[in-house]
Amino acid sequence: MKRRDFLKSVGAVGAISASSASAIDLGGESILSDDDFVMNASHYGALWGKEKNGRFEILKEFEGDKYPSSMLQGIVARTYDPSRITAPCVRESYLKKGYKADPSLRGKEKFVEITWEEAYDLIAKELKRVYKDFGYPSVYGGSVGWYGVGNVNNPQALVGRMLQVAGGYCKRSYTYSAGAISVITPHVTGTNEAFVASASWDNICKNTEVFVLWGSDMINTNQIGEHIPTHHQYEDFKNLKDQIKKRGLKVINIDPIQTTSADYYDAEHIAPYPNTDVALMLGIAYHLADKGLADQEFLKKYTSGYAQFEEYLFGKTDNTPKTPAWASKICGIDEAKIKELAELFASKRTMLHSGWALQRNDHGEQPCWMMITLAAMLGQIGLPGGGYDFALHYEAQGSKVAKFPGLEAVAGSVSAKGEWSTREIPTIPCARIVDCIKNPGKEIEFNGKKIKYPDFRMIYWAGGNPVHHHQDVNQLIKALRSRIETFVMQDCFWTATAKMADIVLPATLECERNDIAKASNGSYIFAIKPIVKPWCNAKDDYEIYSNILKRFDKAAYDAFTEGNEDSLSWVKTLYERSVARGKEMGIDMPNFEEFWKKGYVEFELPKEDDSVRLAGFIQNPMTNRLGTPSGKIEIFSRKIAKFNYKECRAYPSWFEPVEWHGDKNAKDYPLSLVSPHPKYRLHAQLNNTWLRDLEEVQEREPAWINPQDAKKYGIKNGDIIKVSSKRGSILAGAIVTDKIRQGAIRIQEGSWYDPLDWSKNDSLEVHGAVNVLTVDKSTSELAQACCITANVKIEKFKGVAPLVKAFEPPIIIKKG
């Protein structure tokens, strides 16, 4: 059968596959390695790879990973995908005219192959021109994304390191993933709560009575790791499930979607409208305060500013009491259920766990602040099994951590003294890149300071795909076709971003390079050894940057390399530094040659971890002060009050989102969008493999629609639908399911952007790239983080469905 016919045949059962399949087989067994396999690693886990007939053809899961992710299976497939970049390429008119080439032709022209030496010369020459004519802040090296799991060949760290010594650059601050929480929580608790668990899983499993999944699908998102996941936390997830039968643990899923995690725990599903969680939290808080259920002793001893917040809660500041009835009208949850939740949380040891989804919406600072406030009202912060958490969905947080000597990475900046040592590196919030390109010189508020946008003339992007992950893609396309004079893209694949570039450089995959990495929980250091030779003309990121710097002065090159001529030299240097630290800690590690031959070194995990992070603060808040001005949890922040922001008050508050089911445009765009992390890829990674066949409907990204909404618009399971917002339109494949609430639609982020007509700025996108729909607005003046928010309308697509061409390379003129 042809692929298209096959997908049509499975379209009718797509809802079953997408709704009920577990992200990881929680009962699986790993396959032991053989001597002729090579150790390698990825964001999905460690692996053994084998070459056959000059190709990477066989993969086995690492024996130390008891719950390997299905995404590992995409690693072999992507190695030889036709979307691989095979040689350095230059946009045709740019090759002829250089920076004077018409930028509006980006994405529309052919590319021409050039040699690596020509590419190095071209980039070095252009960097020197921009430095001379406009100054170093006009070069943006703000790459953000997940590519590069190794500690040496991380393209984003290395691009900053290279640009720093070449002449300077502007970089990004924070990330799309956790931009709002990373700014607001240091004001509230003195800690960036995004990356540290509030309690261990052992402690939670022994003591928690009510575990709330509030916008978190941890069984799905823990498949991946910034470092190498070994998936030990899935044992913790199983243990948590055992507690349901063993001692009556209750799991509640508060989410518009019934997630994989909710299915696994058979959780009670409470489905508010998207972007209304703060209103629901306020309604619960009101009932706690009104009925005397708030822990006043805790609030007085451990928090600052509750009295000011309570005035807002009871409506004394705005004549609007935040009653359960008020909250119900906004979030769509019955008033009685809101009161029931308040009383349940107060009567049981409750862990409020949220991921980062809630803070990636308009006013995303508020749900983080409000959840901490709600936990403080319950008085269980720092107690076994209670409080709040924002990190258990990520990177084995809360799981046991090995006694580990650490593993350094090649830093994103150099330590050697030189003219670069005193050069200030300006930053912009990563999610404001389009605003910056469009408005050079504009001054914005950012976390209590004013920053001025640079005048970008050159962008060097490496290991990321902003045309997938930035909001309002059509505006990004227009921006890249306007003022930018030179756009360099360094990647492995012809993503939409690469197709928009002027100069494109092919990088190696992990299976083609030397590198080193650690396990997320410190239980291993892994050798990343090349399984096969680099595909065509691809080169390691480190080699690419080193060769560019050879076109600059020797001091810059020496500072960048620190005497390490290639990746393997850095691997040995980093490993030997770990060995030295290990000796100081009493940890005996093999020498480098033994480590490299075996492929890994293992570190022992403790048998139990019963820790609660804020327990010391609760035991003695005077000697264990938090890192806030008051030393306490700041429900009211005097520091933020001084900022005098319109979209972030001095206490957690409800703000109407820019688009939601209750706004004036909801009549024309009646469905609220939810765009969670995908199940079978890491953002856009692996979308160019057969793994997409597991979910796509007629070659389009699946869109979950409630049966009531589907009936209203005449849509059936398996239909191709057109989904439109005020910013653009995409095609998707309908999955009709009651696993999403009425009035909402679910489309996963990460589908490769595929416009019907590259020559148009606002073309219909035919593959399901959800960020065509989202609004490019900051969360507030405080964090200036991304706002993945949209109201949409849907209709059944009529006519012949356009072919999907997202994974096809552009037309390339070969040399010779």
Side-chain angles (χ1 to χ4, degrees), residues 30-52 54 56-65 72 75-76 79 148-154 157-158 225 227-230 402-411 507-534 538-543 546 561-585 587-604:
S30 298
I31 305 171
L32 294 178
S33 64
D34 296 329
D35 291 339
D36 54 352
F37 280 79
V38 175
M39 172 55 69
N40 202 266
S42 72
H43 286 301
Y44 325 109
L47 60 106
W48 297 98
K50 187 174 182 180
E51 172 267 340
K52 185 177 181 181
F56 174 22
E57 291 197 359
I58 304 174
L59 176 148
K60 290 185 179 182
E61 296 144 348
F62 175 57
E63 61 270 23
D65 189 343
L72 276 175
I75 291 177
V76 176
T79 304
V149 75
N151 284 31
V152 176
N153 281 292
N154 184 319
L158 293 180
H227 304 289
I228 313 301
T230 54
K403 185 180 179 182
F404 174 62
L407 179 67
E408 292 181 21
V410 180
T508 54
L509 292 161
E510 282 98 345
C511 65
E512 300 163 337
R513 57 171 54 159
N514 290 303
D515 217 316
I516 190 170
K518 69 173 184 177
S520 297
N521 61 357
S523 55
Y524 295 93
I525 292 178
F526 291 106
I528 298 179
K529 301 167 72 172
I531 300 167
V532 287
K533 294 180 180 179
K539 292 185 181 295
D540 291 358
D541 292 279
Y542 185 73
E543 182 180 357
S546 298
T561 62
E562 295 184 26
N564 295 284
E565 292 297 315
D566 56 26
S567 299
L568 186 58
S569 177
W570 263 115
V571 170
K572 186 175 181 180
T573 296
L574 298 179
Y575 181 79
E576 289 179 344
R577 290 177 185 174
S578 289
V579 171
R581 279 192 301 273
K583 287 183 179 179
E584 295 175 0
M585 299 170 63
I587 301 173
D588 186 27
M589 295 171 60
N591 63 35
F592 179 76
E593 288 71 23
E594 293 171 326
F595 157 72
W596 197 246
K597 181 179 180 180
K598 184 176 181 180
Y600 64 90
V601 56
E602 185 174 4
F603 303 92
E604 187 177 358

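Keep in mind that what you see is a predicted model, and the values were worked out from it rather than measured. The figures that follow rest on heavy atoms only: side chains count, while hydrogens, waters and symmetry mates do not.
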Exercise. Determine, stepwise, if the pair E602 / Y524 fulfils side-chain contact (heavy atoms from CB on, under 4.5 Å).
Key: CA-CA 5 Å; E602 185 174 4; Y524 295 93; 3.3 Å; yes
Quiz item: Between F592 and V579, does a side-chain contact (heavy atoms from CB on, under 4.5 Å) hold up when you go through it step by step?
Solution: CA-CA 9 Å; F592 179 76; V579 171; over 6 Å; no
Self-check item: Worked verdict on V601 versus Y575 for side-chain contact (heavy atoms from CB on, under 4.5 Å)
Solution: CA-CA 11 Å; V601 56; Y575 181 79; 4.3 Å; yes
Practice problem: Evaluate side-chain contact (heavy atoms from CB on, under 4.5 Å) for T79 paired with E512, printing each intermediate quantity in order. | Solution: CA-CA 9 Å; T79 304; E512 300 163 337; 4.0 Å; yes
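Although no hydrogens or angles enter the test, the distance criterion places a donor-acceptor pair under 3.5 Å between the side chain of K529 and the main chain of W596. For D540 (side chain) and Y542 (main-chain N/O), no donor-acceptor pair under 3.5 Å exists by modelled atom type. Judged by distance alone, with hydrogens and angles left aside, the side-chain atoms of R513 form a donor-acceptor pair with the main-chain N or O of N153 at under 3.5 Å. A donor-acceptor distance shorter than 3.5 angstrom exists from the side chain of K403 to the backbone of M585, with no hydrogens or angles considered. Of the possible polar contacts, one joining the D515 side chain to the V152 backbone as a donor-acceptor pair under 3.5 Å is found.
Separating the CG atom in D36 from the CD atom in E51 is a distance of 10.5 Å, to the nearest 0.5 Å. To the nearest 0.5 Å, the span separating CZ on F404 from NZ on K518 amounts to 5.5 Å. Interatomic distance, F37 CZ to I58 CD1, rounded to the nearest 0.5 Å: 5.0 Å. With rounding to the nearest 0.5 Å, the separation of CG in L59 from CD in E61 is 7.0 Å. Note: L568 CG to I516 CD1 = 10.0 Å, rounded to the nearest 0.5 Å.
With no hydrogens or angles considered, a side-chain donor-acceptor pair links W48 and E63 at under 3.5 Å. A donor atom on one side chain and an acceptor atom on the other are not found under 3.5 Å apart for N514 and S567.
Tested against V38 for a side-chain contact (heavy atoms from CB on, under 4.5 Å), the candidates I528, V532, I531 yield a single pass: I531. Each of K572, E576, R577 was evaluated against L574; a single residue qualifies, R577, per the side-chain contact (heavy atoms from CB on, under 4.5 Å) test.
At a threshold of 4.5 Å between non-hydrogen side-chain atoms, the residues D541 and N154 do not count as touching. With contacts defined as side-chain heavy-atom distances shorter than 4.5 Å, the pair S578/M589 qualifies.
Across G563 and S569, no two heavy atoms sit closer than the pair O-OG, 4.5 Å. Heavy-atom minimum distance, L72 versus S42: CD2-OG, 3.8 Å. Between N151 and E408, the shortest heavy-atom distance links the atoms ND2-O, 3.0 Å. Nearest heavy-atom pair, F595 versus A527, reported as atom, atom and distance to 0.1 Å: CZ-N, 3.6 Å. The two residues G406 and I525 have their closest heavy-atom pair at O-CD1, 4.5 Å. In plain terms, the two heavy atoms of G45 and D65 that are nearest each other are CA-OD2, 4.4 Å.
Other residues, nucleotides and ligands contribute only 12 or fewer heavy atoms inside 6.0 Å of the CD atom of E604. More than 12 heavy atoms of other residues, nucleotides or ligands sit less than 6.0 Å from atom CG of N591.
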